[in-house]
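Beneath this line is the structure, given in structure tokens, with notes to follow.
Letters A, B, ... mirror the listed sequences (proteins, then strands); counts begin at 1.
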Amino acid sequence: MESIFKRYLDNRKIFTRNRQILQSSYIPNELPHRNEEIEQMASVLATALHGDRPSNMMIFGKTGTGKTASVKFLGKELQRVDQTLKNVHFIYMNCEVVDTQYGVLQNIGNQIIIDFEHRIPFTGWSTERVYNILMEKIDEMDKVFIIVLDEIDKLFYKSGDDVLYHLSKMNDDLERSKLSLVGISNDLKFTEFMDPRVRSRLGEEKMVFPPYNAEQLRDILMQRAALAFERDTLEEGVVPLCAALSAQEMGDARRALDMLRISAEIAERNGDDVVTEAHVMKAKNKIELDAISETVRTLPTQSKLVLLSIIVNDDKNNHHMTTGDVYHEYKDLADIVGLSILTQRRITDLISEMDMLGIIHARVKSFGRGGRTKEIELSVPKAETRGILEGDEDLSPLKSYRPATQTTLM
DNA sequence: TGTCCACTGGAAGGGAGGGCTT
DNA sequence: AAGCCCTCCCTTCCAGTGGACA
């Protein structure tokens with residue numbers, strides 16, 4: 001019998017074995033169009049090789065402009081050069097994941113402390129204690145520590161500048177070791193709200209990564225495509241199209257790489273030998289849709305319920321609803337599914353969160369005597385979103401729920 | 001010009017849940 | 001076991017507000 005896998009075997013391969021080269025997390029040996037930036041950062045960080053403290057640095061730039069890749073690249077290089085001297089300890093962390101005071105200190109600590117029984121527990125200790133142990137350990141090692149805080153704005157917005165204050169001050173209290181901070185952010189303005197002392201200490205050096213243009217994106221894609229694809233598997237227009245589409249999206253290289261990879265995956269799954277521009281367009285749609293459904297799917301249950309309330313309102317031809325409208329509907333729905341009913345104050349926050357995620361659009365508007373409230377609109381496709389929400393177990397009693405008080409305008 | 005609506009969004013704090021310390 | 005600590009999710013309280021309307 002012919003195996004169902006046969007047609008996949010017969011296929012010419014599109015990818016080489018090095019498919020992961022197209023992941024944005026992959027750090028290539030060379031970063032096209034970032035020489036200047038890397039050079040500049042290197043000149044600052046090189047101080048560390050002689051055992052001196054490099055200036056603290058802030059790096060700004062939109063998503064996918066190569067900030068993280070450049071810094072990680074430098075970290076790798078630094079450690080390679082430093083192999084004999086052992087002067088430098090490079091620490092990287094992403095503050096979207098580690099976004100509390102305690103978390104940051106704990107994370108740094110555990111990157112330094114190798115022996116298992118002395119690790120810092122993820123909860124239980126006072127922050128001060130973690131700080132003290134950390135400082136002791138750091139000083140004891142007699143090295144230059146470069147601590148990279150990626151997406152530092154997230155940390156700041158969530159937990160304030162206390163950690164940053166302490167970390168930037170730690171250097172003054174160290175006797176042997178030295179510590180230098182590198183902050184990465186895609187938000188240029190966030191430092192405005194920081195304590196001026198922290199701000200000036202953190203921003204001893206500043207850099208801005210400009211977005212890539214279509215041409216530069218093309219070079220980046222070409223470089224990786226050469227390694228990740230077999231010969232003659234890409235139609236000529238594919239790379240330029242990915243580059244052009246992503247250049248419109250603020251020159252996001254990550255996006256461009258994803259698009260290229262997904263285009264090829266679509267082709268592969270179709271059993272096509274060559275990736276065409278049509279595949280790219282499909283990939284573009286898929287990326288957009290996936291991003292939305294992923295955010296919706298990972299919403300907390302209460303937020304999902306609020307979102308569903310917004311959809312139900314929209315169903316009632318109420319396309320511009322207020323917080324009050326949503327809250328009314330929400331209470332009904334929560335009652336049906338047997339979820340505790342939160343206060344309106346809390347719902348206001350959930351609405352704002354979803355606004356920030358781009359799932360809905362909410363703006364404060366005054367209706368004169370009608371009061372001042374948020375006007376809320378749905379900004380995701382309704383049918384798909386409803387489908388996702390109904391897939392949530394906690395919301396299953398609401399499957400195909402339609403409001404009893406359906407107001408029809410006809 | 002003032003009133004007044006329907007919230008907004010800050011502040012403070014409670015309590016549950018994780019886990020350490022003694 | 002009792003006493004801590006830190007974070008997360010949430011409540012309570014409330015001063016503040018843009019603008020239609022009287």
Side-chain angles (χ1 to χ4, degrees), chain A residues 93-110 113 115-137 149 151-167 190 192-195 295 298-307 309-310 313 318-335 337-357 359-377 392 394-395:
Chain A
M93 98 185 62
N94 188 321
C95 300
E96 195 175 12
V97 193
V98 188
D99 60 0
T100 61
Q101 282 202 60
Y102 188 94
V104 169
L105 297 177
Q106 188 235 7
N107 194 294
I108 297 173
N110 286 344
I113 301 165
D115 47 334
F116 200 73
E117 63 251 49
H118 292 106
R119 304 207 109 208
I120 300 167
F122 82 93
T123 172
W125 287 8
S126 71
T127 310
E128 200 183 312
R129 179 168 170 196
V130 181
Y131 179 83
N132 289 335
I133 289 204
L134 190 58
M135 191 156 95
E136 200 178 295
K137 278 280 168 198
L149 301 169
E151 310 211 39
I152 192 173
D153 47 319
K154 299 269 167 51
L155 172 66
F156 173 71
Y157 285 129
K158 186 110 192 303
S159 311
D161 46 20
D162 280 7
V163 220
L164 301 175
Y165 176 76
H166 289 304
L167 279 179
F190 91 101
E192 283 173 24
F193 313 110
M194 264 192 320
D195 182 324
T295 8
T298 54
L299 241 31
T301 314
Q302 289 284 3
S303 297
K304 283 183 178 167
L305 208 51
V306 176
L307 183 56
S309 312
I310 294 169
N313 262 288
N318 184 7
H319 302 299
H320 299 272
M321 61 210 87
T322 66
T323 305
D325 296 339
V326 175
Y327 190 61
H328 256 89
E329 194 61 56
Y330 160 81
K331 280 197 288 190
D332 288 351
L333 297 186
D335 204 38
V337 291
L339 228 56
S340 58
I341 297 173
L342 305 181
T343 54
Q344 183 158 332
R345 178 68 188 84
R346 180 66 186 140
I347 299 303
T348 305
D349 282 343
L350 296 185
I351 289 174
S352 301
E353 274 170 33
M354 287 197 281
D355 181 36
M356 287 207 299
L357 289 171
I359 300 172
I360 59 174
H361 190 68
R363 64 187 161 236
V364 184
K365 191 174 168 184
S366 178
F367 295 88
R369 269 255 155 102
R372 188 169 166 274
T373 177
K374 281 201 180 93
E375 194 182 55
I376 301 157
E377 276 174 278
D392 188 301
D394 299 331
L395 269 44

- Which of these nucleotides, dA20(C), dC8(C), dC10(C), is closest to any side-chain atom of D99(A)? dC8(C)
- Rounded distance (nearest 0.5 Å) linking atom OG1 of T323(A) with atom CD1 of I376(A): 4.0 Å
- Task: Would you classify K374(A) as touching base, sugar-phosphate or nothing, given that sugar-phosphate means primed atoms plus P, OP1 and OP2, and contacts are heavy atoms under 4.0 Å?
- Result: sugar-phosphate
- Between M194(A) and L164(A) the two heavy atoms that sit nearest each other are SD-CD1, 4.0 Å
- Query: Under the 3.5 Å rule, do the base of dG19(B) and the side chain of T123(A) count as making a donor-acceptor pair?
  - Reply: no
- Item | Smallest separation among heavy atoms of L357(A) and L299(A), with atom names | CD1-CD1, 3.8 Å
- Task: Give a yes/no on whether any side-chain N or O of T323(A) is located under 4.0 angstrom from OP1 or OP2 of dC7(B).
- Result: no
- Item | Phosphate contact (dT7(C) OP1 or OP2) by K158(A) side-chain N/O below 4.0 Å | no
- Rounded distance (Å) that lies between atom C1' of dA20(C) and atom NZ of K365(A): 13 Å
- Task: Let me know, please, whether G368(A) or F122(A) comes out on the 5' side of the other along DNA chain B by nearest nucleotide.
- Result: G368(A)
- Item | Phosphate-side-chain proximity, R129(A) and dT21(B), N/O vs OP1/OP2 below 4.0 Å | yes
- Note on the structure: From CZ of R119(A) across to P of dC20(B) the rounded distance in Å is 14 Å
- Message: Whole angstroms only, please: what is the CD-C1' distance between Q106(A) and dC5(C)?
- Response: 14 Å
- Message: What's the closest nucleotide to the side chain of R372(A) if the choices are dA20(C), dG9(B), dG18(C)?
- Response: dG18(C)
- Query: What is the distance from CD of Q101(A) to P of dC8(C), rounded to the nearest Å?
  - Reply: 11 Å
- Task: Give, ordered by number, those residues of residues 337-346 of chain A having at least one heavy-atom distance below 4.0 Å to an atom of DNA chain C; if nothing qualifies, reply none.
- Result: I341(A), L342(A), T343(A), R345(A), R346(A)
- Does T348(A) have a side-chain nitrogen or oxygen under 4.0 Å from the phosphate oxygens OP1 or OP2 of dG9(B)? no
- Query: Between atom CG in D162(A) and atom C1' in dC6(C), what is the gap in whole Å?
  - Reply: 13 Å
- How close or far is atom P of dG19(C) from atom CZ of R363(A), stated in whole angstroms? 13 Å
- Between dG10(B) (P) and D349(A) (CG): distance, integer Å: 9 Å
- Message: Please confirm whether the shortest side-chain N or O distance from W125(A) to OP1 or OP2 of dT21(B) is below 4.0 Å.
- Response: yes
- Query: Can you tell me if the side-chain N/O atoms of S366(A) get under 4.0 Å from OP1 or OP2 in dC5(B)?
  - Reply: no
- Message: Between S352(A) and K374(A), is there a side-chain donor-acceptor contact under 3.5 Å, judged purely by atom types and distance?
- Response: yes
- For residues F122(A) and Y102(A), report the shortest heavy-atom separation together with the two atoms involved. O-CE2, 3.3 Å
Pairs under 3.5 angstrom only: tabulate donor-acceptor contacts from the side chains of residues 339-346 of chain A to other protein residues two or more places apart or in another chain.
from: T343(A); atom 1: OG1; to: R346(A); atom 2: N; distance (Å): 3.4
from: R345(A); atom 1: NH1; to: D349(A); atom 2: OD1; distance (Å): 3.0
from: R345(A); atom 1: NH1; to: D349(A); atom 2: OD2; distance (Å): 3.4

- Distance, rounded to the nearest Å, where R369(A) contributes CZ and dG2(B) contributes P: 14 Å
- Is there a side-chain contact between D99(A) and K154(A), using heavy atoms and a 4.5 Å cut-off? no
- Taking the side chain of T373(A) as its heavy atoms from C-beta onward, which of dT8(B), dA22(C), dG19(B) lies nearest to it? dT8(B)
- Query: How long is the span from the OG1 atom in T322(A) to the CD atom in E375(A), to the nearest 0.5 Å?
  - Reply: 9.0 Å
